[in-house]
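First listed ligand is number 1; within each ligand, the first listed atom is number 1. All values derive from a computational prediction rather than experimental measurement.
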Amino acid sequence: MEEPRREESAYDVALRQYDAVAEKLDIDPGIREMLRHPEFALEVAFPVKMDDGSVKVFKGYRVVHNTARGPGKGGIRYHPDVTFEEVKALSMWMTWKCAVVGIPYGGAKGGVTCNPLEMSKGEKERLTRRFTVEISNVIGPYTDIPGPDMFTDAQVMAWIMDTYSTQKGKFVPGVVTGKPIPLGGSLGRTPATARGLVICIREAAKELGLPLDSLRIAVQGYGNVGAHLASILEGYGCKIVGVTDIGGGCFCDAGLDPCALTAQLLETGSIDGTPGTDCLTNDELFELDCDVLVPAAVGNQITKANAGKIKAKIIAEGANGPTTPEADEILADRGVMVIPDILANAGGVTVSYFEWVQNLMNFYWTEEEIAERLERIMTESFQAVLSTAKEKGTRLREAAYNLAILRVAEAMKLRGVC
Ligand code: GLU
């Protein structure tokens, strides 16, 4: 398949993935068309006072793709590349993600175009509080619930909760998830995305007859997802042979030490140059002799240009939208098992759901309860996607979309249109 000349936006890709499956399903044409559009989209521009006294204007977005199965749910990202089209795509992917793991949410996403790495803590706080005010008529515990995403963490979620609660004149912890534990955050939320990925990798390896403790792993990105993933898998006896981040990369055939990578990251801001490792570029990472490749950084990383060179037998998409549709076809032809983002990285939003439930009940679970519930949801969801793929003779991505679209379409049909 030819890659289109005009640069495709993430939303074009999201639509292509949706259309390819939806057109084969027996759903009402009106519902099928509605699902191609977000229900609601807000674009805001707002001023922030910077530390040097100047005022800078930022653009932000909150998009609710669908609320048929429950309130909108999805993270807020801070990144220089954030665009309206990207947030729209991410909101649609959240709809499928929540549906595929069966949690009672629709899909939403938000973002602010900014470079958080160049901002002080005070500037980030002022930006977050002002953005929260701008979207405060949209978000709410029963309407649209933000959570963390790229470069937003528990502290950012705490500022959102505080700003919203102050405005409403009451404590509203359920307006946002991913909060610090003392403010109603859930135990196990921080490593949840990595834990979900590990469960998917374990199930995929079982399916392919590969023993978990002999897997060689390559990871792109050493943020919250990549770092937790590396240490959990290393604990299971896997070898983390290569890791890259924005500053560079490390290779060690005998296996990298996640503690050493984290120490280097904390000291220098990148894992690059970790003692006892060889340098590794991103291109080299994708071509490594390994069993599992985990893209856990930005989107659009596995393309027609590198898909043919990937040696991994399993790709587990920690990031959202890391693989282009053309690359997907090449990988399928070569027999690579791709665990799609809407399933592979759903552990994060699943524990966000647990956090929200605990906030609404004001009753809190132990870490063991969280881990057990996550284990059950992720294992059952993986197996449901796998058996749909086998039954329909499709890839895992198409099977996941198939299940998700049918669930959302059914909810829309039951609610009715008037
Ligand atoms: N940002 C995460 C995702 O893409 C989680 C969002 C949330 O917890 O709401 O799934």
Residues [X] and [Y] bridged, charged N to O under 4.0 Å:
X: K121; Y: D51; answer: no
X: K124; Y: E118; answer: no
X: D341; Y: K97; answer: no

[X] [atom1] to [Y] [atom2] distance, which is reported to the nearest 0.5 Å:
X: I76; Y: I139; atom1: CD1; atom2: CD1; value: 6.5 Å
X: K109; Y: L90; atom1: NZ; atom2: CG; value: 5.0 Å
X: L285; Y: D283; atom1: CG; atom2: CG; value: 9.5 Å

Where's the contact between [X] and ligand 1, heavy-atom distance under 4.0 Å: side chain, backbone, both or neither?
X: E355; answer: neither
X: M157; answer: neither
X: L90; answer: neither

Report the nearest protein non-hydrogen atom to [atom]: residue, atom name, distance rounded to 0.1 Å.
atom: atom 6 (C) of ligand 1; result: G75 N, 3.5 Å
atom: atom 2 (C) of ligand 1; result: P148 O, 3.7 Å
atom: atom 10 (O) of ligand 1; result: K97 NZ, 2.7 Å
atom: atom 9 (O) of ligand 1; result: K73 NZ, 2.7 Å

Q: Going by heavy-atom distance to atom 8 (O) of ligand 1, choose the closest among A108, S352, G147, G72.
A: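 Minimum heavy-atom distance to atom 8 (O) of ligand 1 goes to S352.
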
Atoms of ligand 1, numbered as shown, that sit under 4.0 Å from any heavy atom of [X]:
X: K109; result: 1 (N), 3 (C), 4 (O)
X: D149; result: 1 (N), 2 (C), 4 (O)
X: V349; result: 7 (C), 8 (O), 9 (O)
X: G74; result: 9 (O)

Q. How are the rings of Y401 and W96 set to each other: parallel, tilted or perpendicular (split at 30° and 60°)?
A.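 Rings of Y401 and W96: tilted, 30 to 60°.
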
Q. Parallel under 30°, tilted from 30 to 60°, perpendicular over 60°: which one fits the rings of W356 and Y142?
A.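 W356 and Y142: perpendicular rings.
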
Q: Before signing off on this row, confirm whether N345 and ligand 1 have an N or O atom pair separated by under 3.5 Å.
A: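 Looking only at distances, the answer is no, because the N/O contact criterion of under 3.5 Å is not met.
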
Q. What's the shortest heavy-atom distance between F354 and L374, and which atoms?
A.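 Smallest interatomic distance, heavy atoms only, reads CE1-N, 3.8 Å.
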
Q.
Tell me whether ligand 1 is touched by R77 - counting only heavy atoms on the residue side and a distance under 4.0 Å.
A.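 Contact absent.
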
Q) Is the closest heavy-atom distance from M94 to ligand 1 below 4.0 Å? A)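 True for this residue.
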
Q.
Among N66, V417, I27, which residue satisfies the side chain to side chain contact (heavy atoms under 4.5 Å, CB included) criterion with M412?
A.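 Result: among N66, V417, I27, N66 is the only option passing the side chain to side chain contact (heavy atoms under 4.5 Å, CB included) with M412.
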
